[in-house]
Amino acid sequence: GVGPATASAVLAQANPRIFGFMSDEALEGAGFQRQYTLAVYTEFTKDVASKAQTLGQEWSAEGVADAMWTAAMLDVHAITTADSTNIQVHANETAGFSRKRALGPTEDDNSLAQK
């Protein structure tokens with residue numbers, strides 16, 4: 001069967017404005033114990049949706065849950081904000097993206113598209 005945590009992954013993809021993924025880190029960030037019940041998910045959903053509304057239009061319940069997961073990962077791995085910027089640049093470069101490419105197509109990109 002499908003439990004609340006798995007269902008939350010589907011719901012968060014179907015309607016991220018209302019539903020957040022019930023990750024361990026997001027649960028704990030919202031002040032809940034790691035209990036995977038419908039009652040806990042219902043309260044968790046209310047909390048992350050309410051926080052998203054407080055933060056403004058650009059936020060969703062899933063965005064709040066993702067932010068809590070990210071904050072927990074930074075904490076667990078003792079990564080500071082400056083470190084996280086360097087990690088993102090390294091990850092982009094490792095994946096084949098450079099800061100230059102992130103800004104948009106280059107002249108070389110345009111010439112490749114014309115071939």
Side-chain angles (χ1 to χ4, degrees):
V2 174
T6 303
S8 76
V10 174
L11 291 169
Q13 291 302 305
N15 193 342
R17 187 126 314 274
I18 298 172
F19 300 106
F21 174 59
M22 188 182 196
S23 69
D24 296 342
E25 296 79 12
L27 274 174
E28 290 174 352
F32 294 96
Q33 297 293 319
R34 292 183 185 191
Q35 296 177 345
Y36 307 98
T37 65
L38 182 56
V40 169
Y41 184 62
T42 300
E43 289 303 310
F44 169 77
T45 297
K46 288 178 189 175
D47 286 359
V48 294
S50 174
K51 187 63 171 180
Q53 188 173 15
T54 299
L55 291 171
Q57 189 65 23
E58 65 277 0
W59 283 87
S60 65
E62 175 59 0
V64 171
D66 281 348
M68 287 190 288
W69 180 87
T70 302
M73 290 296 102
L74 291 172
D75 186 51
V76 164
H77 298 288
I79 299 171
T80 66
T81 304
D83 292 337
S84 66
T85 301
N86 293 333
I87 288 169
Q88 184 60 50
V89 168
H90 177 71
N92 287 343
E93 289 171 352
T94 301
F97 299 105
S98 66
R99 288 182 195 199
K100 184 177 176 184
R101 288 193 47 83
L103 297 175
T106 64
E107 192 173 302
D108 292 338
D109 293 334
N110 292 332
S111 66
L112 289 175
Q114 293 172 357
K115 290 185 179 180

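FYI, the numbering just counts along the sequence from 1.
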If you look at every heavy atom in S60 and P16, which pair is closest and at what distance? CB-O, 3.2 Å
Can you name the closest pair of heavy atoms from A12 and G20 and give their distance? CB-C, 3.9 Å
Closest non-hydrogen atom pair between A7 and V2, with its separation: N-CG1, 3.6 Å
How about Q57: does its CD atom have over 12 heavy atoms from other parts shown lying under 6.0 Å from it? no
So which atom in A52 and which in A61 form the shortest heavy-atom distance, rounded to 0.1 Å? CB-N, 3.7 Å
To the nearest 0.5 angstrom, please state how far the CZ atom of F21 sits from the OG1 atom of T45. 12.0 Å
To the nearest 0.5 Å, atom CG of L38 lies from atom CD of E43 at 10.5 Å
ILVMFWY cluster membership beyond Y41 - transitive side-chain contacts under 4.5 angstrom: L11, I18, F19, M22, L27, F32, Y36, V40, F44, V48, L55, W59, V64, M68
Which heavy atom of A65 sits nearest to which heavy atom of A26, and what is that distance? O-CB, 3.8 Å
Looking only at atom types and distance, does a side-chain atom of S50 sit under 3.5 Å from a main-chain N or O of D47, one as donor and one as acceptor? no
Less than 4.5 Å apart, any side-chain heavy atom of E28 and any of E25? no
